[in-house]
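Inspection log for the structure reproduced underneath, given as structure tokens.
First the proteins, then the strands, lettered A, B, ... as listed; each starts at 1. These values consider heavy atoms only, across backbone and side chains, with no hydrogens, waters or symmetry-generated copies.
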Amino acid sequence: RRYSAPTDGAIPPNKAKYVPTEGTYPKGFVVGSAHAQVKASNTKFDDLALIASETPCSAALVTTQNHFQAAPVSVSKKIMFQHQSKSIRGVVINSGCANAVTGKGGREDAMRMAKLTHDLLNKRNPTEDDQDVSAIRTLVMSTGVIGQRLPIDRIEAKIPTLVESLGNTHDHWLRSARAICTTDTFPKLLSRQFTLPSYPGITFSIAGMTKGAGMIHPNMA
Amino acid sequence: TLLGVICTDAPIQKTALRTLLSTATNSSFNRITVDGDTSTNDSVALFANGMAAPGSDVLEKQSEDYKEMNKVLTSFMEDLAKLIVRDGEGATKFVTVRVTKADNHTAAHVVANSIATSALVKTALYGKDANWGRILCAIGYAPGNTCIRPNQTSVSFIPADGSEELKLLVNGEPQAVDEARAATILEMEDLEILVKLSNKEKDVGEATVYTCDFSHEYVTINGDYRT
């Protein structure tokens, strides 16, 4: 049986080639992770991740078209709509519990998770924009078991640690990619550099993390 | 569930960002399948803070920069999406299903999906069985108006080592399959299944879907996931 498989956290030898040992990461983004023991059986591995821009930024979001959209999906879409996809700070993610089919309480939990993270991000990097606007500008995502409420008190207790953990090294990115995993056997992280025709002499960076192993047949819009 | 977060320090206008993400998603994350189940939580976010070129004009739709960014993002997201398939629960194989010469792209995608989600095709791949009959069966029941012409349909395995394709069916006629070679090809971790739906000169409809095999381990993992 696997949870955060293999249970000792070791990456299977045939998958190690897919895990980068270094990377080039975009300027102004910081990432972190923390352990909130969202799933009781996970006593070892980080299960909270935060990816944030040090300044408010443009954002875009695609989500599942499943009619039973999980609470964090509804909440993130609402945040994006309210702020017209601009001045977004980042996204807080938990693994271990999907916060799906959890009704009004689930939406309140997702909102609490996003709000506390956003408030702490604002304290860390205050901006003029944020001083005038108290609304939440941090997205929220969850993955894991469906039909169970989030242990929101445990999560909230660890969000300060999560924000304190932010950094921009390869290790920060890799740990964060690991924290969003469920039955994945390895963290999925890529980074790349590129140039654009109208910006001579400037090298841009792109980095991304993803997770998924089962319940995979996406049809996002 | 699929989650994804992508960050760039390029300066991209928000409407352009939305279109870029939507376009790239349709040819990456929306082209993979592990078990055919669409999650309640699938989400991918793209952030652009412009920090690599502060004070510059932002990238807008229809510019040359937009076209280049579209290429970069699509290729990047395709590579991320493939990692998920490689880590499919219990998977031992990474399989590319490419359907060509369909009447249109939608029909090609539907047929590719039908093959890529067939439990019997996926268990045959796990068992290293060149069971092309199951592939044809999945093509035949693909939903919607796919305009399948059995006597023009061809199926091949394309080996990952670059060696010659193994023809299984040509214009609806089964080929004498070298079982030893088929077994060698199916031993490899990567495999491509190529389906030609017609003899048209021009390739009107084409689609690629990435999938994996289906093993005992998948059942073991999911039989008690909740508890």
Side-chain angles (χ1 to χ4, degrees), chain A residues 1-2 15 18 26-29 51 53 55 57-64 66 68-70 72-73 76 85-86 88 91 93 98 100 139 141-143 145-146 180 183-186 188 190 192 194 196-199 202 204-220, chain B residues 1-10 12-14 17-18 20-22 25 29-30 32-53 56 59 63-65 68-69 72-73 76-77 79-80 83-84 86-89 117 218 220-222 224-226:
Chain A
R1 178 178 179 189
R2 302 190 308 178
K15 306 291 185 189
Y18 302 117
K27 292 186 179 88
F29 283 98
I51 299 98
S53 174
T55 55
C57 66
S58 299
L61 179 71
V62 287
T63 61
T64 182
N66 189 315
F68 286 95
Q69 291 193 333
V73 174
S76 290
S85 309
K86 61 182 182 183
I88 302 295
V91 58
I93 306 172
L139 308 182
M141 295 181 187
S142 298
T143 177
V145 179
I146 291 175
I180 65 174
T183 54
D184 306 60
T185 66
F186 65 94
K188 296 160 188 69
L190 290 178
R192 220 166 265 175
F194 61 97
L196 294 171
S198 301
Y199 301 85
I202 297 177
F204 297 101
S205 298
I206 186 167
M209 62 181 75
T210 188
K211 65 80 52 182
M215 199 178 273
I216 298 291
H217 189 78
N219 182 21
M220 296 179 287
Chain B
T1 292
L2 167 99
L3 297 183
V5 181
I6 299 153
C7 306
T8 180
D9 51 17
I12 308 173
Q13 194 262 345
K14 65 171 185 175
L17 198 69
R18 193 183 308 150
L20 283 166
L21 179 63
S22 177
T25 298
F29 289 117
N30 282 357
I32 64 170
T33 185
V34 168
D35 48 21
D37 277 312
T38 301
S39 170
T40 51
N41 290 56
D42 291 337
S43 307
V44 174
L46 171 62
F47 299 101
N49 66 6
M51 290 290 281
S56 302
L59 185 159
S63 64
E64 286 302 309
D65 294 327
E68 181 61 24
M69 189 70 219
V72 169
L73 183 66
F76 187 78
M77 286 176 59
D79 288 346
L80 277 174
L83 288 176
I84 290 178
R86 290 198 180 278
D87 202 19
E89 284 172 340
T117 53
Y218 181 87
T220 305
I221 294 164
N222 287 288
D224 66 352
Y225 185 77
R226 191 176 66 100

Do you know which of [options] has the most heavy-atom pairs with chain A at a distance under 4.5 angstrom?
| options | result |
| --- | --- |
| Val72(B), Val34(B), Ile6(B) | Val34(B) |
| Leu46(B), Leu83(B), Asp65(B) | Asp65(B) |
| Ala48(B), Gly4(B), Ala52(B) | Ala48(B) |
| Ser22(B), Ala53(B), Ser56(B), Gly36(B) | Gly36(B) |
| Lys14(B), Gln13(B), Glu68(B) | Lys14(B) |

Any donor and acceptor pair, going by atom type alone, linking the side chain of [X] with main-chain N or O of [Y] inside 3.5 Å?
| X | Y | result |
| --- | --- | --- |
| Asp35(B) | Ile216(A) | yes |
| Asp87(B) | Ala213(A) | no |
| Lys188(A) | Phe186(A) | yes |

Ile146(A) side chain near Met215(A) side chain, heavy-atom distance below 4.5 Å: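 Result yes, sub-4.5 Å side-chain heavy-atom pair found.
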Side chains of Asp42(B) and Leu3(B) in contact at under 4.5 Å (non-hydrogen atoms):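 No. Closest side-chain heavy atoms not under 4.5 Å.
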Contacting moiety of [X], where chain A heavy atoms sit under 4.5 Å:
| X | answer |
| --- | --- |
| Leu20(B) | neither |
| Ser63(B) | neither |
| Thr25(B) | side chain |

Who wins among [options] for the most heavy-atom pairs under 4.5 Å with chain B?
| options | value |
| --- | --- |
| Lys211(A), Arg192(A), Lys27(A), Gln69(A) | Lys211(A) |
| Ala207(A), Ser142(A), Ser53(A) | Ala207(A) |
| Ile206(A), Asn66(A), Leu196(A), Thr63(A) | Ile206(A) |
| Thr143(A), Ile88(A), Val73(A), Leu139(A) | Thr143(A) |

Nearest heavy atoms of Asn41(B) and Thr64(A), plus distance in Å: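 Smallest heavy-atom distance, with atoms named: N-CG2, 4.1 Å.
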Toward chain B, the part of Pro197(A) with a non-hydrogen atom under 4.5 Å: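 Both parts, backbone and side chain.
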Engaged part of Leu190(A) at the chain B interface, taking heavy atoms whose separation is under 4.5 Å: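 Interface part for Leu190(A): both.
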Aromatic plane relationship, Phe47(B) with Phe29(A) - under 30° parallel, 30 to 60° tilted, over 60° perpendicular: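 Plane angle between 30° and 60°, so tilted.
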Spacing of Ser58(A) atom OG and Arg18(B) atom CZ [to the nearest 0.5 Å]: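 So the gap between those two atoms works out to 10.5 Å.
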Residue among Ile32(B), Asn30(B), Leu2(B), Thr33(B) satisfying side-chain contact (heavy atoms from CB on, under 4.5 Å) with His217(A):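 Testing His217(A) for a side-chain contact (heavy atoms from CB on, under 4.5 Å) against Ile32(B), Asn30(B), Leu2(B), Thr33(B) leaves exactly one candidate, Thr33(B).
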